[in-house]
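Only this structure's heavy atoms are used, side chains among them; waters, hydrogens and symmetry mates stay out. Positions are given from 1, in the same order as the sequence printed here. Bear in mind that the values here come from a model prediction, so they are computed numbers and not experimental data.
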Amino acid sequence: MIRTEEMLLNVGPQHPSTHGVFRIVLKIDGEIIKEATPVIGYLHRGTEKIAEDLQYTQIIPYTDRMDYISAMTNNYVICHAVETMMGLEVPERAEYLRVMAMELNRVASHLVWWGTYLLDIGAVSPFLYAFREREMIVNMLNELSGARLTFNYMRVGGVKWDAPEGWIEKVAEFIPYMREQLKGYHQLVTGNEIFMNRVKGVGRYTKAEAINYSLSGPNLRCTGVKWDLRKNEPYSIYDRFDFDVPVSDGGDAWARYQVRMAEIEESLKILEQAVEQFPKEGAILAKVPKIIKAPKGEAFVRIESPRGEIGCYIASDGKKEPYRLKFRRPSFYNLQILPKLLKGENIANLIAILGAIDIVLGEVDG
């Protein structure tokens with residue numbers, strides 16, 4: 001009889017497959033995980049407290065650094081919260097630019113996930129293809145905002161500046177190209193016997209567990225819950241677009257894969273319609289004072305980021321800085337279920353389960 005004894009094993013915070021400075025302390029017996037304790041906070045920057053000393057426009061660059069894989073959605077949620085408090089009406093042209101920026105960023109975010117997840121479990125080629133397509137999106141967002149990662153493009157009342165000449169045409173050309181590449185992704189990975197064996201039935205949880213753990217985004221929709229704030233509680237101009245909310249009922253890593261890949265296709269649908277409907281002219285910024293002061297009161301808004309529901313709560317006492325500011329960060333909540341998923345699992349499935357959640361540590365730590 002083989003005798004084993006329990007030992008503690010540290011994974012991270014320097015491990016490349018922890019998707020950032022994430023540490024997890026494992027208690028293992030042989031190759032079976034008995035207990036998993038996440039350790040977060042290595043990237044904590046105190047964004048919410050710092051914001052209390054900043055004017056509203058000055059807070060926007062700090063949101064870029066939270067979910068740095070999808071900075072445009074973070075930009076939007078803070079602006080949306082302030083606009084809600086002020087009762088601002090955003091010009092139509094600005095709203096279309098915002099939606100196009102956010103959906104391009106959503107595709108880029110899912111591409112980063114797809115490429116790195118496959119790299120996590122041993123496939124190198126998908127990573128290279130994913131970053132080839134992502135580079136095209138990054139270049140377009142660079143033209144739009146002047147940055148490649150921390151975009152800082154949204155403004156309270158609209159956007160920083162208009163799209164450069166020919167930019168809308170580039171977006172239009174990218175859509176059919178990306179659709180064609182997606183077919184190649186599916187041929188390469190989806191249905192691959194080795195990949196399927198690594199993800200099917202791994203990291204499974206039920207619909208009730210997903211709701212009880214406050215999961216959102218693909219981590220919720222993979223259990224069959226058809227909930228997407230762009231559809232269920234439309235904001236911006238999302239109610240003008242015809243698109244589906246992909247769901248799966250497996251609740252495992254394979255289901256989360258299916259949902260994210262289908263979401264890329266739906267984002268391309270939104271982009272296609274946005275290009276067709278894009279106003280030929282119009283303002284890109286509402287009439288707002290140079291120094292913005294939100295009226296006394298409080299507001300909470302929530303939107304659908306690539307990782308799930310991101311919320312922004314602002315309490316104002318009428319000054320140019322918020323009295324309190326709080327973000328509901330989806331990666332932080334989605335990570336809660338990890339210890340439950342790992343208990344009793346083989347250590348070989350650790351990274352396959354963690355990667356399928358799709359966390360960004362800047363957002364977890366805040």
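Across P13 and T18, no two heavy atoms sit closer than the pair O-OG1, 4.2 Å. Nearest heavy atoms, V199 versus D252: O-OD2, 4.1 Å.
Remark: the backbone N or O of D365 is paired with a side-chain donor or acceptor of H44 at under 3.5 angstrom.
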Next item on the list: Apply the test side-chain contact (heavy atoms from CB on, under 4.5 Å) to residues N219 and Y205: give CA-CA distance (whole Å), side-chain angles for both, the deciding distance (0.1 Å), then the verdict.
Entry: CA-CA 10 Å; N219 290 292; Y205 50 81; 3.5 Å; yes
Notebook entry, point to check: Given T116 and F127, is the side-chain contact (heavy atoms from CB on, under 4.5 Å) satisfied, shown in steps?
Noted result: CA-CA 6 Å; T116 55; F127 177 81; 3.9 Å; yes
Next item on the list: Could you give me the CA-CA distance, side-chain angles and deciding distance for D67 and S331, then say whether side-chain contact (heavy atoms from CB on, under 4.5 Å) is met?
Entry: CA-CA 9 Å; D67 183 353; S331 291; 5.8 Å; no
Margin query: Go through it in stages, so that I can follow the logic: the residues are N10 and V39, the test is side-chain contact (heavy atoms from CB on, under 4.5 Å), and I'd like the CA-CA distance, side-chain angles, deciding distance and then a yes or no.
Written below: CA-CA 10 Å; N10 275 289; V39 183; over 6 Å; no
Notebook entry, point to check: side-chain hydrogen bond (donor to acceptor under 3.5 Å, both in side chains) between D358 and H110: does it pass, once the steps are laid out?
Noted result: CA-CA 9 Å; D358 186 23; H110 284 339; 4.8 Å; no
Next item on the list: Might you work through the side-chain hydrogen bond (donor to acceptor under 3.5 Å, both in side chains) test for Y185 and E133, ending with a clear yes or no?
Entry: CA-CA 11 Å; Y185 292 0; E133 273 67 76; 2.5 Å; yes
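Q277 is listed as a side-chain neighbour of F241, based on a closest heavy-atom distance under 4.5 Å. Considering only heavy atoms from C-beta on, L54 comes within 4.5 Å of Y62 through its side chain. Under the 4.5 Å side-chain criterion, counting only non-hydrogen atoms from C-beta, V364 is in contact with L361. The shortest side-chain heavy-atom distance between M102 and Y238 falls under the 4.5 Å cut-off. Taking the side chain as every heavy atom from C-beta outward, Q14 and R23 never approach each other to under 4.5 Å. Within the 4.5 Å cutoff, the side chain of R98 has heavy atoms near those of the V159 side chain. Residues I137 and V107 are in side-chain contact: their nearest non-hydrogen atoms beyond the backbone lie under 4.5 Å apart. Between P91 and I284, the closest side-chain pair of non-hydrogen atoms is not below 4.5 Å.
One finds a salt bridge joining D162 and R93 here, because a Lys/Arg side-chain nitrogen approaches an Asp/Glu carboxylate oxygen to under 4.0 Å. With salt bridges taken as basic N to acidic carboxylate O contacts below 4.0 Å, one links E209 and K340. No salt bridge links K170 with E173; every basic N to acidic carboxylate O contact stays at or beyond 4.0 Å. A salt bridge is absent between E263 and R106; no separation between the charged side-chain nitrogens and carboxylate oxygens falls under 4.0 Å. Salt bridge status for K269 with D244: present, with a side-chain N to carboxylate O gap under 4.0 Å. Of the charged side-chain nitrogens involved, none lies within less than 4.0 Å of a carboxylate oxygen, so that E298 and K326 do not count as a salt-bridged pair. Looking at E363 and R328, no side-chain N of the basic residue comes within less than 4.0 Å of a carboxylate O on the acidic one, giving no salt bridge. The residues E103 and R230 are annotated as salt-bridged, a charged nitrogen and a carboxylate oxygen being separated by less than 4.0 angstrom.
Linking ILVMFWY side-chain heavy atoms closer than 4.5 Å, directly or via other members, places I351 and L118 in two distinct hydrophobic clusters.
For the atom pair M154 CE and L97 CG, the distance stands at 9.0 Å (nearest 0.5 Å). Rounding to the nearest 0.5 Å gives a distance of 10.5 Å between NZ of K183 and CD of Q181.
Within a 6.0 Å sphere centred on OH of Y129, other residues, nucleotides and ligands contribute 12 heavy atoms or fewer.
Judged by distance alone, the side chains of E83 and Y76 never bring a donor and an acceptor atom under 3.5 Å apart. Defined by atom type and a distance below 3.5 Å, a donor-acceptor pair is missing between the side-chain atoms of Y323 and E52. Side-chain atoms of N75 and D64 form a donor-acceptor pair, as typed in the model, at a separation below 3.5 Å. Residues R148 and N139 bring a donor and an acceptor atom of their side chains to less than 3.5 Å of each other. In this structure, a donor-acceptor pair under 3.5 Å is present between the side chains of R307 and S109.
A cation-pi arrangement is found for K231 relative to F243, the charged atom lying closer than 6.0 Å to the ring centre and inside a 45° cone about the ring normal. Geometric assessment of R260 against the ring of W114 yields a negative cation-pi assignment under the 6.0 Å and 45° thresholds.
Every pair tested for side-chain hydrogen bond (donor to acceptor under 3.5 Å, both in side chains) that includes a residue from residues 284-295 fails, sequence neighbours excluded, so the list is empty.
Separation of the Y117 and Y257 ring centroids does not fall under the 6.0 Å cut-off.
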